[in-house]
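The structure appears right after this line, and notes come after that.
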Amino acid sequence: MSRESSDSKPIAEVRVGPDLFHALCWVASALAVATLAWIIYEIVTSAWPAIQKFGFGFLGSSSWVPNREVFGVFPFIVGTVASSFIAILFAFPLGLAIAIFLSENFLPAPVRQVIRFVVEMLAAIPSVVFGLWGIFVVIPIIKIFGDWAVKNLGGVPIFSGPAYGNSMLTASVVLALMILPTVTAISRNALTAVPKTLREGAYALGATRWEAILGVILPTAAPGVVAATILALGRAMGETMAVAMLIGNSSRLSWSLLSPGGTLAGLLANQFGEAEGLQVNSLMYAALILVVITLFVNVLGELVLRYTQSQTAGIR
Amino acid sequence: MDNIVTHAPDFFSNSQAEATKAIARSLWNRVLTSVCVALSLLTLVPLVSIIYLVLKNGLPLLSWSVFTQLPPAAGMVGGGFGNAVIGTIVMVGIGLLMSGPLGILSAIYINEYAPASRLAQAVRIVAKLLTGIPSIICGVFAFAIVVSTTGRFSAFAGGVALAVLMLPTILLTSEQALMGVQSAFREASYGLGATKFQTIVRIVLPDALPAIMTGIMLAVARAAGETAPLIFTALFSQFWAKSLSEPTASLSVLIYNFSTVPFPHQIQMAWTASLVLVAFVTLANITAQLVFSKKH
């Protein structure tokens, strides 16, 4: 009798514990899925008054005047897209070169290890430190370049003066550094995933190393490199602090890269702390636009990445 | 014999053309290699510049007292950022307390209990999408659910924002960690008569723990360096925090605030705070990699 009762207790525990744990894991998963929906729900409900008042005109209007309660984010959307694309323009050749460099055996492995470490370090440095560095290093350099460019290339719209240190170009240069690790890592994965047989086939036909890279390896890895670029673009669009510290945060539209600009993320960072009333709703509307843009870009990147993987899965 | 002689000039001229072509090809090869190496080395310049400046401008003020004193008021000299260090630790701690269990438990569900279920697929997609959401949106979310409802900026709101930021990292790395456990271990455990729960708790989790810790370290390192989620949730404070429901300082927001003021001392303090932050983040990353490589 006593033996039975001492046995029955652990059995009961064993039965309840596992079921509880299973249920707990299910709840955690459901919560994780709900998070994204919750984020979007909260942003939409908080933005609702602004959405009702401004509608889609919010996207096309260029005036952001909090004390007259007039809000529009067109310059910030343009700034977000422009700064990210310019950053990609800088980061793409660099990132691709490093990815090729890391996936080929140009130099002994230790040297490649160092480069790899450097790129990973770049990814680890906080955004705000990039911003601080940008203020004291990149801004002066861009100012000097800007003065020179206005004097010599002033006729070109993108270099029309006056040149500012806090400018679109400054923000883009620092952004390029920040997304370099993303471009490099994903491109490198795409390059190393190119089947060995293709590379060997190219060499067997007498191709030099770069004929093999340009003629065979890069075309095979191209979708992966495109995915890397798209995902890096998504990162650049959401990047906040460094951009907010360097771009000048102006809502005035300008063709010149040397003038201040603004981005959606920078707008949020600058104004949320002191916003009241309709301004909060409008900022939430801006946040919603940012979420929609970045989600779209990221989904696109993921789809391209998946397509790549399914394409190269067959040849081994 | 005749044939060879008559064809000889033709043969030689051909080879000469081919030789110049080969030289051109190999030259082009060299040029591209140099360009590639040069571009790769070019990335060293900014990194070296950042690290050099952080050390050069940050070291002079670095002393024990910066960790124990409050930030200097505008234009004042001395002081430190003790409250910001504590604020960062507290808020990252809150974030980890919320996202850690959630992330690990859902990773267990999607890898051990129901890998092919709809819910598991949804979790994977959502986690991927969450990694792509800008960090400032985590702040916007925390602003909406905590700051708006309580009516005040607080360490708790900052913690919530960081939790959202950390969740996908912890979830996805934990899933990878669990996937890394050999299925032979699970089969052996079932073969010995263990239940699913026993297998997960006694066999799978202990084996995956180092890799899970790596994920947590990476998430902590990233969260500690983030400014955007905190800037309008925890805001900033010149004083020691007395509770979780008041504005709280953090290292990253201190750097942001001090980098734009016209006082040299404050700017130097921003560099010192950057040094502390970069040192911590680097250390956490290296530890994470060491913990990971120990297992593999």
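Note on naming: letters A, B, ... go to the chains in the order of the sequence lines (proteins, then strands), and numbering restarts at 1 for each one. Everything quoted here is computed from the prediction, not taken from an experiment.
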Let me see the working for A/Ser29 and B/Tyr113 under side chain to side chain contact (heavy atoms under 4.5 Å, CB included), right down to the final yes or no. CA-CA 11 Å; A/Ser29 300; B/Tyr113 280 115; over 6 Å; no

What part of B/Leu218 gets within 4.5 angstrom of chain A, counting heavy atoms only: side chain, backbone, both, or neither? neither

Select one option (side chain, backbone, both, neither) describing which atoms of A/Arg209 are under 4.5 Å from chain B's heavy atoms. both

With a 4.5 angstrom heavy-atom cut-off, is it the side chain or the backbone of B/Leu167 that approaches chain A, or both, or neither? side chain

Minimum heavy-atom distance between A/Met245 and B/Ser259, given as atom pair plus value: CE-OG, 3.1 Å

Could you look at A/Leu180 and say if it's the side chain, the backbone, both or neither that has a heavy atom under 4.5 Å from chain B? side chain

Within this structure, what is the OG-CD1 distance for the pair B/Ser40 and A/Ile100, rounded to the nearest 0.5 Å? 9.0 Å

So, the part of B/Thr233 with a heavy atom under 4.5 Å from chain A: the answer is neither

Side chains of A/Phe21 and B/Ile108, heavy atoms from C-beta outward: is any pair under 4.5 Å? yes

Output the distance between atom OG1 (A/Thr240) and atom CD1 (B/Ile137), rounded to the nearest 0.5 Å. 8.0 Å

Where A/Gly273 and B/Leu235 come nearest, the two heavy atoms and their spacing: CA-CD1, 4.5 Å

Does A/Leu96 reach the side chain of B/Leu39, with side-chain heavy atoms less than 4.5 Å apart? no

Heavy-atom distances under 4.5 Å only: say whether A/Leu268 touches chain B with side chain, backbone, both or neither. both

Which atom pair, heavy atoms only, marks the closest approach of A/Ala32 to B/Leu171? CB-CD1, 4.0 Å

Which region of A/Leu214, side chain (C-beta onward) or backbone (N, CA, C, O), has a non-hydrogen atom less than 4.5 Å from a non-hydrogen atom of chain B, or is it both or neither? side chain

Counting heavy-atom pairs under 4.5 Å with chain B, the top scorer among A/Leu132, A/Ile213, A/Val33, A/Val137 is A/Leu132

Just so I know, are the side chains of B/Ile231 and A/Phe272 near enough to count as touching, which here means a heavy-atom distance under 4.5 Å? no

At a 4.5 Å cut-off on heavy atoms, which part of B/Leu129 comes close to chain A: side chain, backbone, both, or neither? both

State, yes or no, whether a side-chain contact exists between B/Thr43 and A/Thr184 at a heavy-atom distance under 4.5 Å. no

Looking at side-chain heavy atoms only, is the closest gap between A/Leu295 and B/Ile133 below 4.5 Å? yes

Could you tell me the separation between the CG atom of B/Leu41 and the CZ atom of A/Phe101, rounded to the nearest 0.5 Å? 6.0 Å

Looking at B/Ile136 and A/Ala269, what are the two nearest heavy atoms and their distance? CD1-N, 3.5 Å

Quick check on A/Glu302 against chain B: is it the side chain, the backbone, both or neither that has a heavy atom closer than 4.5 Å? side chain

Under 3.5 Å, side chain of B/Asn29 to main-chain N/O of A/Thr208, donor-acceptor pair present? no

Using every non-hydrogen atom in the two residues, find where A/Ala124 and B/Val281 come nearest and quote the distance to one decimal. O-CG1, 3.2 Å

May I ask you to name which of A/Gly238, A/Pro126, A/Cys25 has the most heavy-atom pairs under 4.5 Å with chain B? A/Cys25

Could you please spell out the steps behind the side chain to side chain contact (heavy atoms under 4.5 Å, CB included) verdict for A/Thr35 and B/Val126? CA-CA 8 Å; A/Thr35 310; B/Val126 166; 5.6 Å; no

Counting only heavy atoms closer than 4.5 Å, note whether A/Leu122 contacts chain B via side chain, backbone, both or neither. both

Any non-hydrogen side-chain atom of A/Leu24 less than 4.5 Å from a side-chain atom of B/Tyr109? no

Determine the option with the most heavy-atom pairs under 4.5 angstrom with chain B, choosing from A/Leu94, A/Thr294, A/Ile39, A/Val119. A/Ile39

Beyond-backbone contact of B/Pro46 with A/Trp133, side-chain heavy atoms, under 4.5 angstrom: yes

Please state whether the side chain, the backbone, both or neither of B/Lys128 comes within less than 4.5 Å of a heavy atom of chain A. side chain

Flag side-chain contact, heavy atom, 4.5 Å: A/Glu120 against B/Gln289: yes

Of A/Val118, A/Val114, A/Ile125, the largest count of non-hydrogen pairs under 4.5 angstrom with chain B goes to A/Val118

Between A/Val280 and chain B, which part of the residue has a heavy atom less than 4.5 Å away: side chain, backbone, both or neither? side chain

Can you establish whether the number of heavy atoms outside A/Tyr203 located under 6.0 Å from its atom OH is more than 12? yes

With a 4.5 angstrom heavy-atom cut-off, which part of A/Ala207 approaches chain B: side chain, backbone, both or neither? backbone

A/Met237 portion near chain B, given a 4.5 angstrom heavy-atom threshold: neither

Under a 4.5 Å heavy-atom criterion, the part of residues 141-149 of chain B in contact with chain A comprises B/Phe141, B/Phe143, B/Ala144, B/Ile145

